[in-house]
Amino acid sequence: MSEETIQLELDDAGLAPGLPTPSDPRDQVQDVPYRPVEFRDDDLPAALERCAGWLRQAQQWLGEPVDVLAVHLDYDERDGFPYYDLKILCNEEDLAGVPLALRQKGDTARS
């Protein structure tokens, strides 16, 4: 069995530069294994719609479904903060673009 090395281009946060970013400034990709992608809003349907839109963009970019381990919904009652905090826990390899890099490497090898 041979081990192949794949070289990835990642930003300082360990994400692929081409990964779509959540569209609202209150939303973010966080930094832990099975990285939470967070969508915050006072309006839950709006947060869910942005989450779904980001998932569609990320899957189109990746070329396959993003591996989502869990969906977590919480709330924040502090003044000045969005009430709903929706997080989807995503496979960090998908957010780093590993499946995309593997396909590109395979395409290059066949050329």
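Computed over heavy atoms, backbone and side chain alike; hydrogens, waters and symmetry mates excluded. Everything numeric here is computed off the predicted structure, so don't read it as measured data.
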> Got Cys51 and Ile88 here, is their nearest side-chain heavy-atom distance under 4.5 Å?
Replying inline: yes
>> Using side chain to side chain contact (heavy atoms under 4.5 Å, CB included), reason through Asp94 and Val98 one step at a time and then give a plain yes or no.
In response: CA-CA 6 Å; Asp94 286 354; Val98 171; over 6 Å; no
> Between CG of Leu89 and NZ of Lys87, what distance do you get to the nearest 0.5 Å?
Replying inline: 8.0 Å
> Shortest non-hydrogen contact from Pro45 to Asp43?
Replying inline: CD-OD1, 3.1 Å
>> Do Leu8 and Val29 sit in one hydrophobic cluster, given that two such residues count as connected whenever their side-chain heavy atoms are within less than 4.5 Å of each other, even indirectly?
In response: no
> So Phe39 and Tyr84, side chain to side chain contact (heavy atoms under 4.5 Å, CB included) or not? Walk me through it.
Replying inline: CA-CA 8 Å; Phe39 302 87; Tyr84 292 104; over 6 Å; no
> Which distance, rounded to the nearest 0.5 Å, do you find between the CD of Gln59 and the CZ of Arg56?
Replying inline: 9.0 Å
> side chain to side chain contact (heavy atoms under 4.5 Å, CB included) between Leu15 and Leu95: does it pass, once the steps are laid out?
Replying inline: CA-CA 6 Å; Leu15 303 171; Leu95 299 187; 3.7 Å; yes
> Rounded to the nearest 0.5 Å, how far does CD of Gln30 lie from SG of Cys90?
Replying inline: 11.0 Å
> Given the rule in the side chain to side chain contact (heavy atoms under 4.5 Å, CB included) test, do Val37 and Arg35 qualify, once you have shown the distances and angles that lead to the verdict?
Replying inline: CA-CA 6 Å; Val37 181; Arg35 299 176 80 155; 5.7 Å; no
> For Tyr75, which residues count as a ring pair (Phe, Tyr, Trp, His ring centres under 6.0 Å) partner, sequence neighbours excluded?
Replying inline: Tyr83
Anything under 3.5 Å between a donor and an acceptor, one on a side chain of residues 16-27, the other on a protein residue two or more places apart or in another chain? List them.
from: Asp24; atom 1: OD1; to: Arg26; atom 2: N; distance (Å): 2.8
from: Asp24; atom 1: OD1; to: Arg26; atom 2: NE; distance (Å): 2.9
from: Asp24; atom 1: OD2; to: Arg26; atom 2: NH2; distance (Å): 3.1
from: Arg26; atom 1: NH2; to: Asp41; atom 2: OD2; distance (Å): 3.2
from: Asp27; atom 1: OD1; to: Arg40; atom 2: N; distance (Å): 2.8
from: Asp27; atom 1: OD1; to: Arg50; atom 2: NH2; distance (Å): 2.8
from: Asp27; atom 1: OD2; to: Arg50; atom 2: NE; distance (Å): 2.6
from: Asp27; atom 1: OD2; to: Arg50; atom 2: NH2; distance (Å): 3.1

May I have the list of side-chain donor-acceptor pairs in residues 62-71 shorter than 3.5 Å, sequence neighbours left out?
from: Glu64; atom 1: OE1; to: Arg103; atom 2: NH1; distance (Å): 3.3
from: Asp67; atom 1: OD2; to: Tyr34; atom 2: OH; distance (Å): 3.2
from: Asp67; atom 1: OD2; to: Asn91; atom 2: ND2; distance (Å): 3.3

> What distance separates Asp74 CG from Asp76 CG, expressed to the nearest 0.5 Å?
Replying inline: 8.0 Å
